[in-house]
Amino acid sequence: MEILLLAAPIAGLQLAQIALTSIDLMMMGLLSVKAVAAGGLAILLFNQLRTMCIGMVTGVGNLVASAVGHGERRTGTSELDSQARHEIADLLRAAMLIATLGAVIGGVLLFTIAFFLPWFGQDPAIVDLARPVMFALAPGLFPMLWLNVLRQFAVGLRRAGSLLSVAMISIGINALLNAMFIYGWAGMPRLGLTGIGLSTTLVQFWTFLTYLRTVRRDPQMSVLLVLDGWRAQSATVGRIARMGAPIALTYGSEAALTSVASLLMGTFGPVALAASNVVNQLAYIAYQFNIGLSHGASILVSRMLAHRRYDEISGVARRTLTISFSTMSLIGLLYVTMPKIVLSPFLGAQHDPAVFAEATVLLWFAIAHQFFKGTQNIFIGLLRGLGNTKGGLKNTFIGYWVVGIPAMILCSYGFGLRGNGIWFGLCLSFAATSVLLLRRFKVDLLAVNPGV
């Protein structure tokens with residue numbers, strides 16, 4: 001139950017965040033197949049950089065949870081001592097500084113990638129449509145990363161529930177702004193596809209400011225809240241960066257694998273790319289449940305280490321995987337029995353039959369994809385809870401780049417399976433990574449608790 005109490009609010013926020021891009025993709029379907037292909041590509045590349053930047057501050061939740069656990073153990077109650085309060089404030093300052101710097105670097109990289117898109121074999125018409133969307137999305141990295149720092153702060157304090165209501169409201173605002181900028185309603189400029197990127201960025205700023213107000217009103221979080229990142233201690237910045245860099249590279253490697261898959265799909269034309277973008281978004285929605293479970297399990301493991309409850313960790317892993325497999329099975333059943341219902345919202349009322357046909361086939365790969373990708377993410381979270389962020393990086397590098405990329409190229413071009421081969425390679429990549437991370441987790445758990 002404790003896993004679900006921690007995981008549900010996190011998964012809910014993740015789903016609400018993904019709902020923003022899902023609505024974006026749905027409204028792109030009202031424009032054209034090329035809009036879905038170009039806009040979907042822009043969102044995917046934005047998510048690539050967003051994911052890496054978020055990885056730099058993901059460990060903050062574990063560090064806050066550990067500080068809380070040690071503070072509780074020192075006082076013998078649920079109250080925190082002055083040492084724990086000082087440590088949490090120091091962590092928050094450093095995380096805000098890292099998030100701001102990460103947004104600057106990520107924005108510059110997104111602009112750079114936009115100019116180099118033709119080098120990756122993309123249709124010139126798709127490139128022309130995708131570039132301005134990427135430019136409009138880039139500023140949204142700032143509020144998104146600041147929000148994630150506050151999220152990790154709240155999760156570490158086991159106060160994540162207040163995140164969900166804010167994110168849910170933002171979904172409706174995003175849909176309204178999308179329509180206003182696409183069609184020029186209420187005197188707004190008629191920006192078409194680019195307006196979708198702009199509205200998403202504006203909503204990110206609104207979400208951060210609204211949630212910040214919520215945190216300030218929370219009696220337990222407000223007394224610990226500090227935002228003056230310029231006063232961060234260099235030692236704490238280095239501590240978070242050392243923990244976050246492997247996480248960022250692991251997350252970035254995962255996102256890069258998906259980006260490479262999309263770029264390869266783009267070489268088969270707009271129809272293949274549009275179908276893949278839609279199915280990838282559906283798989284990404286399902287993936288948020290596993291991200292919530294991964295974070296929840298990771299925070300629990302960090303607290304158990306602080307309280308020296310070592311023999312409970314394996315039980316957390318088993319329960320987390322059981323919940324994940326049950327949820328992914330239900331979602332997979334939905335894909336199999338009702339493909340038209342799950343695909344139609346992203347393809348518009350007059351959807352292209354070719355895109356729909358290709359996406360229907362890819363849904364079968366998405367089922368295996370969800371199981372394998374979710375499992376490997378849960379093990380990454382469990383390892384992070386044990387304090388090992390480098391193990392995830394090493395094993396994902398092998399699974400993604402030694403197994404995944406060659407498999408995608410060989411199956412799609414060598415065996416002539418085209419888009420199906422790319423998705424088969426993706427599934428094989430995540431399956432190999434899951435096995436490697438399982439072995440790493442067993443080794444680390446044995447080192448912490450030899451009685452396992």
Report task. Drop me the distance from S302's OG to L63's CG, to the nearest 0.5 angstrom. Result -> 8.0 Å

**Report entry** For the student: nearest non-hydrogen atoms of T433 and Q376, plus distance
**Finding:** CG2-OE1, 3.6 Å

Report task. Show your reasoning for whether side chain to side chain donor-acceptor pair (under 3.5 Å) applies to D444 and N388. Result -> CA-CA 8 Å; D444 284 15; N388 183 352; 2.6 Å; yes

Report task. Answer yes or no: is there a side-chain heavy-atom contact under 4.5 Å between I98 and L145? Result -> no

Query - Enclosure of F424 CZ (heavy-atom neighbours >12, cutoff 6.0 Å) - result: no

**Report entry** Interatomic spacing from CG in L282 to NE2 in H369 - rounded to 0.5 Å
**Finding:** 11.5 Å

Report task. Check step by step if side chain to side chain contact (heavy atoms under 4.5 Å, CB included) holds for L225 and R216. Result -> CA-CA 7 Å; L225 178 67; R216 283 177 168 161; 3.5 Å; yes

Query raised in the report: Would you say the side chain of I43 lies within less than 4.5 Å of the side chain of T200, judging by non-hydrogen atoms?
Result: no

**Report entry** Nearest heavy atoms of G425 and A407, plus distance in Å
**Finding:** CA-CB, 3.9 Å

Query raised in the report: Does the side chain of N395 pick up a donor-acceptor pair with the side chain of R440 at under 3.5 Å?
Result: no

Query raised in the report: So, do L49 and I113 sit near enough that their side-chain heavy atoms are less than 4.5 Å apart?
Result: yes

Report summary line: Residue set satisfying ring pair (Phe, Tyr, Trp, His ring centres under 6.0 Å) with F268, at least two apart, ordered chain then number -> Y413

Query raised in the report: With sequence neighbours excluded, what pairs up with R93 under the salt bridge (Lys or Arg N to Asp or Glu O under 4.0 Å) test?
Result: D228

Report task. For W401, look at atom CH2 and say whether over 12 heavy atoms of other residues, nucleotides or ligands are found less than 6.0 Å away. Result -> yes

**Report entry** Check: L150 and L212 side chains under 4.5 Å, non-hydrogen atoms
**Finding:** yes

Report task. Kindly indicate whether the side chain of K373, heavy atoms from C-beta on, has any atom under 4.5 Å from the side chain of E254. Result -> yes

Query - Donor + acceptor pair across side chains of N280, S262 (<3.5 Å) - result: no

Report summary line: Correct closest heavy-atom pair for G381 and S294 would be CA-OG, 3.3 Å

Report task. Kindly determine whether I405 and M408 satisfy side chain to side chain contact (heavy atoms under 4.5 Å, CB included), including the steps that lead there. Result -> CA-CA 5 Å; I405 298 296; M408 285 193 290; 3.4 Å; yes

Query - Residues R50, L137; criterion side chain to side chain contact (heavy atoms under 4.5 Å, CB included); working and verdict - result: CA-CA 10 Å; R50 175 188 69 90; L137 287 170; over 6 Å; no

Requested in this report: Check L436 against G399 and note the closest heavy-atom contact, atom names and distance.
Outcome: CD1-N, 4.2 Å

Requested in this report: Report yes if the side chains of T100 and W146 come closer than 4.5 Å at any heavy-atom pair, otherwise no.
Outcome: yes

Query - Main-chain N/O of N62 paired with S66 side-chain donor or acceptor, under 3.5 Å - result: no

**Report entry** Heavy-atom side-chain contact between Y284 and Q288 under 4.5 Å
**Finding:** yes

Query - F115 atom CZ, neighbour heavy-atom count above 12 within 6.0 Å - result: no

Query raised in the report: Parallel under 30°, tilted from 30 to 60°, perpendicular over 60°: which one fits the rings of F441 and F379?
Result: tilted

**Report entry** OG on S259 to CZ on F46, rounded to 0.5 Å
**Finding:** 12.5 Å

Query raised in the report: Applying the ring-ring contact (aromatic ring centres under 6.0 Å, His included) test to F430, which of F372, F365, Y400 qualifies?
Result: Y400

Query raised in the report: Do you know the tightest heavy-atom contact between A283 and Y335?
Result: N-OH, 3.9 Å

Report task. Would you mind reporting whether L362 and M265 have side-chain heavy atoms less than 4.5 Å apart? Result -> yes

Query raised in the report: Could you walk me through whether V301 and R384 pass the side chain to side chain contact (heavy atoms under 4.5 Å, CB included) check?
Result: CA-CA 9 Å; V301 171; R384 186 170 68 250; over 6 Å; no

Query - Straight-line distance of L191 CG to S199 OG, nearest 0.5 Å - result: 9.5 Å

Report task. Check V279 against A366 and note the closest heavy-atom contact, atom names and distance. Result -> CG1-CB, 3.7 Å

